[in-house]
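Quick notes on the structure that follows.
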Amino acid sequence: MTEQAKSPAINFIAAIIAADVSTGKHGGRVATRFPPEPNGYLHIGHAKSICLNFGLARDFDGTCNLRFDDTNPIKEEQEYIDSIMEDVRWLGFDWEERLYFASDYFEQFYEFALLLIRKDLAYVDSLSADEIREYRGTLTRPGRDSPYRARGVEENLDLFQRMKAGEFPDGTHVLRAKIDMGSGNLNMRDPVMYRIMHTSHHRTGDAWCIYPMYDFAHGQSDSIEGITHSICTLEFEDHRPLYDWFIEALELSCHPQQIEFARLNLTHTIMSKRKLVRLVAEGHVNGWDDPRMPTISGLRRRGYTPASIRDFCDRIGLAKKESMVDMALLEHCLREDLNKNAPRVMAVLRPLKVVLENYPAGQTEELDAVNNPGDPGAGSRKVPFGRELYIERDDFMEEPPRKFFRLAPGREVRLRYGYFITCTGVTRDEATGEILELRCTYDPETRGGNAPDNRRVKATLHWVSADHSCPAEVRLYSHLFTKENPAAVEEGEDFTGSINPESLEILMDCRVEPSLAAARPEAIYQFERLGYFCADRHDCREGKLVFNRSVSLRDTWARLQKKA
RNA sequence: UGGGGCGUCGUCAAGCGGUAAGACACAGGAUUUUGGUUCCUGCAUUCGGAGGUUCGAAUCCUCCCGCCCCAGCCA
């Protein structure tokens, strides 16, 4: 149901897979996986990878596993596992029974290590971390062999087993692959396979005090799971020869093909986990799911739909070129989804009272309002109308400029689904001069919004009844950063320097039409003429309505004003 | 001459030797009870640069330039 009859996106990875399928590689089978480390929340960049991996599995009639690469116990927590699973599911993907953890393979990795030692392809090094770094050489100078490189197989076996038994403190020994200290690829200069860490693991507890490095776990995990295509980001390109080396040295039967693609960058936000952590920790935002965050949970709370995010991931394409996608595309995808699906409703964010002088005091009527002009099936609802109303402050100007079509003294406009009204005067605060309310007259002949004499008005305003509308809090969000690329900072500057001080504006005195009184958390509406708003999933409840602006409507009037 | 990648419209991105798709953005116009939506129209004689091969090159060759990643017992 969520999958349209859309033809699968053809990208270079799909092309490679299609070729492999046609030549019968891996028996024509396709198996992918999404392999996060549970050390943070997922963001829109991960969504790209999730859509890619699960999408490829879907398009090629294959499978996609969810595997947690949990090889570093000091960084990982159950909280992250839970949030990641929730986010993947929310995005609309299903790993069925294929939930795996690299930590489930620890015993097997240990056996792999023993095998490499026996083949004299791995050794225990007793250099300190600093010494290892020094022996590694530099980008332009080759490394030197460790003095421990020549240890015999038996001694290595003994030492490694004692490492596992907990006989040595952290940092005293590591297990290294014996490859080539002179390689131009630093990853091949005898990479560390195991380190000693007397730390309990969130899943294996205290069963282990040695933990495999990611590089010694990732490729083999894929192989164990029968992954055919290991899709990852560009920075692992240099690691591919190492993964290949391990799999060949271990003589594993399944040799997944690694393919790298460029990770997603979005304008006006950041994607680095380290920086996102800082935004949360330093209080620049209110948590991982703050609606300004590019996290999946943040986008969700902002009002983004899974379908809009999937559509976005389909549209950005896939390549090896590092790129920066315009946030406007993400917003476009949301608008497109919501324009089609969100019910329309009227809400006034900055209320200005209107009194209809010729409307009978005490009278109330119910007017018909269409729920979605683009979708007849969405039906209609009743909206109460009375003598006193609120309209948007922005919709009135005492001295309107040339192109301002809305209400002004002496001018007639239409109230949506209501009547034509004409402004006859303003009442203001004697002291401050501030406009307190508008005095208007209405034309009873225009009920519903059409004049029998066919006279036209240049504007249609949204409104709510003063007596019947509900109070609401509305949170207006905009870009978290003023700079297109906040990560590109000048020397001595910090990315937090370009945080947008106006990324959140809270409006406490809004009025919404009564049909919103029971808005359920996460319900999304179009507030007519304003934008799409979603009931906050944490703070909105009956009696205390809170809406987040997901994205504004395109606003040509605002653009005209900006130009002037 | 450390290794590995990448350079096509403002932003993404097709293209794979036959004469530059599409999307977003932007700019006009039509329709409109949302200055929304929808609908038209315009928007790279040119593919980082220079040579070369060819009847023909973004696509092949050579050289050059620019950008990114790698020196965690992180992933």
Side-chain angles (χ1 to χ4, degrees), chain A residues 10-11 35-37 39 69-72 74-76 125 127-130 132-134 136-143 170-176 182-189 191-197 210-211 213-215 217-218 232-241 260 262 264 267 273 315-333 335-336 339-340 344 346 369-370 372-374 403-406 414-418 420 446 448-450 456-462 484 526-531 552-560:
Chain A
I10 295 303
N11 55 59
E37 183 192 14
N39 72 338
D69 274 336
D70 52 351
T71 53
N72 186 352
I74 65 174
K75 288 188 165 184
E76 297 150 7
D125 196 350
L127 252 24
S128 71
D130 283 345
I132 286 181
R133 185 182 319 118
E134 198 190 318
R136 184 154 36 225
T138 69
L139 294 180
T140 50
R141 300 245 128 67
D170 291 6
T172 50
H173 307 277
V174 292
L175 184 71
R176 291 231 249 168
S183 172
N185 181 348
L186 302 226
N187 294 116
M188 301 301 270
R189 319 240 264 229
V192 172
M193 296 160 58
Y194 267 94
R195 71 290 215 186
I196 301 171
M197 291 174 107
I210 56 172
Y211 291 96
M213 297 289 290
Y214 172 85
D215 279 350
H218 186 77
C232 66
T233 44
L234 253 27
E235 70 270 25
F236 292 104
E237 210 150 17
D238 289 345
H239 298 239
R240 185 171 6 113
E260 308 84 10
L264 170 68
T267 60
K273 235 184 237 181
R315 291 203 202 200
I316 52 178
L318 190 72
K320 297 190 73 161
K321 181 175 67 172
E322 305 219 34
S323 58
M324 170 88 59
V325 175
D326 196 332
M327 178 76 86
L329 180 59
L330 217 209
E331 296 177 338
H332 169 82
C333 292
R335 286 195 188 102
E336 194 173 77
N339 175 52
K340 205 167 30 186
R344 267 113 252 230
M346 290 196 283
V370 170
N372 188 339
K403 296 224 167 153
F404 185 85
F405 303 149
R406 282 110 95 144
R414 169 169 42 233
L415 293 181
R416 178 144 237 228
Y417 303 124
F420 282 14
T446 58
N450 285 307
R456 320 292 293 178
V457 289
K458 294 201 80 173
T460 300
L461 309 187
H462 61 277
E484 271 206 353
Q526 183 195 100
F527 287 1
E528 292 217 36
R529 302 209 305 134
L530 297 173
S552 65
L553 250 28
R554 289 185 67 220
D555 189 345
T556 43
W557 168 237
R559 256 188 296 167
L560 279 176

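Labels below follow one simple rule: chain letters A, B, ... track the order of the sequence lines, proteins then strands, and each chain is numbered from 1.
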By the Watson-Crick or G-U definition, both distances under 3.5 Å, B:G7 is matched with B:C65

TODO: Could you check whether A:E237 gets within reach of a base, just the sugar-phosphate, or nothing at all, counting any heavy atom under 4.0 Å?
DONE: sugar-phosphate

Considering only heavy side-chain atoms of A:N339, the closest of B:G4, B:A75, B:G36 is B:G36

Out of B:U34, B:G3, B:C74, minimum distance to the side chain of A:P373 belongs to B:U34

inquiry  = Classify A:R406 by what it touches in the nucleic acid, base, sugar-phosphate, or nothing, heavy-atom distance under 4.0 Å.
reply    = base

Ranking B:G2, B:C12, B:A75 by distance to the side chain of A:M324, first place goes to B:C12

With the side chain defined as heavy atoms from C-beta on, A:R195 is closest, among B:G2, B:C73, B:C69, to B:C73

Closest to the side chain of A:L186, out of B:G2, B:C26, B:U34, is B:G2

Considering only heavy side-chain atoms of A:H239, the closest of B:C73, B:A25, B:A75 is B:A75

Any strand, both distances under 3.5 Å, Watson-Crick or G-U wobble: B:U38 pairs with B:A30

### Message
Please classify the nucleic acid contact of A:K403 as base, sugar-phosphate, or nothing, using heavy-atom distances under 4.0 Å.
### Response
base

Taken in chain and number order and not counting sequence neighbours, the residues that satisfy salt bridge (Lys or Arg N to Asp or Glu O under 4.0 Å) with A:R141 are none

Between A:R416 and A:T460, do the side chains contain a donor N or O and an acceptor N or O under 3.5 Å apart?
no

For this session: Scan A:D215 against the nucleic acid and name what it touches under 4.0 Å (heavy atoms): base, sugar-phosphate only, or nothing.
Result: nothing

Ranking B:G72, B:U34, B:C70 by distance to the side chain of A:L139, first place goes to B:C70

Between A:R456 and A:R335, whichever has its closest RNA chain B nucleotide further toward 5' is A:R335

